[in-house]
2 protein chains.
Amino acid sequence: MSSLPSPSAERPLRRDAERNRRLILDAAAEAFAEEGLHVTLDEIARRAGVGVGTVYRRFADKESLIDALFEDRIAEVVAVAEAALGHEDPWAGLVLWMDGFIGMQAADQGLKELLLSSAHGQQRVAGARDRLLPLVTAIVERAQAAGELRPDLRASDMPMLGHMLSGVADYTRCVSPDVYRRYVGIVLDGLRVRRDAASELPIPALDIDDVDAIMSTKGP
Amino acid sequence: MSSLPSPSAERPLRRDAERNRRLILDAAAEAFAEEGLHVTLDEIARRAGVGVGTVYRRFADKESLIDALFEDRIAEVVAVAEAALGHEDPWAGLVLWMDGFIGMQAADQGLKELLLSSAHGQQRVAGARDRLLPLVTAIVERAQAAGELRPDLRASDMPMLGHMLSGVADYTRCVSPDVYRRYVGIVLDGLRVRRDAASELPIPALDIDDVDAIMSTKGP
DNA sequence: CGTAACCGGAGATGCAGTCTCCGCTTATGA
DNA sequence: TCATAAGCGGAGACTGCATCTCCGGTTACG
């Protein structure tokens, strides 16, 4: 009986096929994180050490692969928002949210494109955004009620702040993958209602040579 | 004598040719500003109402066209820096510089790409950057000496701040070409050493529908 | 050891951008 | 007025890139 194929149930893959599936998933995660969603499936196959055919046998198309990969990543973003809202200090909660939100996007270009563009996986991501909005609104309003966060900020500013800051992260990554946190620091200072001095930035400025290096890498 | 062709001197174009040259230049300026340097010459020809052939007869390639167009635009950037440094109030000078620098890039994607990527017109732009660096350094240090600007900011932060803010400008332009100034305001607040309250932002936040609209336009 | 499942990667397909070519049109000045 | 050099439009050649297919050969496994 067990030898009969059971069409509706999932038949386990042959061992080599399962191994390759994992190789592909891992390579894709790495590639999307480093390069963004525009990487070709040929490149992913190359990284995984398999042929393109193998990728297409396992995933109908790029979209399916993206879906399979990011299902849980976007749940993580929601988890970060929940953790931030759970923090006892309202301002620290906001900082936690910003750091997590931006940090995840800075570490993973693919995730950023998924969260910010609705070009892929509309279903899944739209759902996550719906769960996110009330959480972020609460984080913002709580910090405002505590008199810490500038009262004119709105939850709808978040995507833009996220875009800005993960944008620098992309821009500077190749030379210094952490400088972006400098600018998160500056923006957070800009979000406070009042302060007596600028907070200490977590990272020193790049020097001019590094900036030149960045610009050189950006085009032929 | 005047009828002899003078090979080294420039022979004036026939009137229709000259008219088309202008049409192309104007169309290109508009197209580069709106879409960035990646627009195709076919698109520029279409906007100018001429054939592609006409464009290629007048400009050897895309690069030449870009050169012809942006020669004075980048000089303008230098002029803004000089004006800012000339302003009597050091902080106001910095604000002037940021507004001008970001504003020009926000109004013209092509200029932004030229200033930030060194993919095109290396010569001309590199020269402008050399003239710019001491000016910006002076603007920054003067505002710091006045005790207004946070002391840990460096001139080398400018390209990144520019990238960040003109990045949001690009992102939001299609829905509201001015919201980016909101984020300039937040960043400027983050650059001050101390303040008693958040400054008033020049533009209200977008509402969620607008944000959704932006995301929808970013890719099918 | 037979065979169904799987593999690799060459290449078909489709699309987009740059630039050329040539038959036709037009400004100009003799 | 008209001869002609200068100019025009745009189809399409060429190139490069990304997606996805196909099939001869290989491999896991009952």
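The CE atom of A/Met160 lies 5.0 Å from the CD1 atom of B/Ile214; values are rounded to the nearest 0.5 Å. One distance of note links CD1 of B/Ile208 with CG of A/Leu133; it measures 4.5 Å at 0.5 Å rounding. Here the CG atom belonging to B/Leu85 is positioned 11.0 Å from the CD atom belonging to B/Glu141, to the nearest 0.5 angstrom.
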statement: Readout for nucleotides 25-30 of chain D: B = base within 4.0 Å of protein heavy atom, S = sugar-phosphate only, - = neither; 5' to 3' it is --BSS-
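Under 4.0 Å is where a charged nitrogen must lie from a carboxylate oxygen, and between A/Asp99 and A/Arg181 no such pair does. Classification of A/Arg150 and B/Asp189 as a salt-bridged pair holds, one side-chain N sitting under 4.0 Å from a carboxylate O. With salt bridges taken as basic N to acidic carboxylate O contacts below 4.0 Å, none links B/Arg15 and B/Glu18. Checked for salt-bridge contact, A/Asp26 and A/Arg22 meet the test: a charged N lies under 4.0 Å from a carboxylate O. Contact check on A/Asp170 versus A/Arg173 returns a salt bridge, with a Lys/Arg side-chain nitrogen under 4.0 Å from an Asp/Glu carboxylate oxygen. Look at A/Glu35 and A/Arg47 and you find a salt bridge, because one of the NZ, NE, NH1 or NH2 atoms lies within 4.0 Å of a carboxylate O, short of that distance.
In this structure, A/Arg21 places its CZ atom 16 Å from C1' of C/dA5, rounding to the nearest Å. In this structure, NZ of B/Lys62 is placed 4 Å from P of C/dT18, rounded to the nearest angstrom. At whole-Å resolution of the value, CD in A/Glu43 and P in D/dG16 are 19 Å apart. For the pair B/Phe59 CZ and C/dT18 C1', the interatomic distance rounds to 16 Å; values are reported in whole Å. At whole-Å resolution of the value, CG in A/Leu65 and C1' in D/dT19 are 13 Å apart. Taking atom CG on B/Asp42 and atom P on C/dT20, their separation rounds to 13 Å, with Å as the unit.
DNA chain C lies under 4.0 Å from at least one heavy atom of each of the following residues of residues 44-58 of chain A: A/Gly49, A/Val50, A/Gly51, A/Val52, A/Gly53, A/Thr54, A/Arg57, A/Arg58. Within residues 22-40 of chain A, no residue has any heavy atom closer than 4.0 Å to DNA chain C.
The nearest pair of heavy atoms linking A/Tyr180 to A/Leu165 is CB-O, 4.3 Å.
A sub-4.0 Å separation between OP1 or OP2 of C/dC7 and a side-chain N or O of A/Asn20 is present.
Residue A/Asp61 is in sugar-phosphate contact alone, with no base atom involved, counting any heavy-atom pair closer than 4.0 Å across all strands shown.
Taking the six-membered ring where the residue is Trp, A/His163 and B/Tyr171 present parallel rings, their angle staying beneath 30° rather than reaching 60°.
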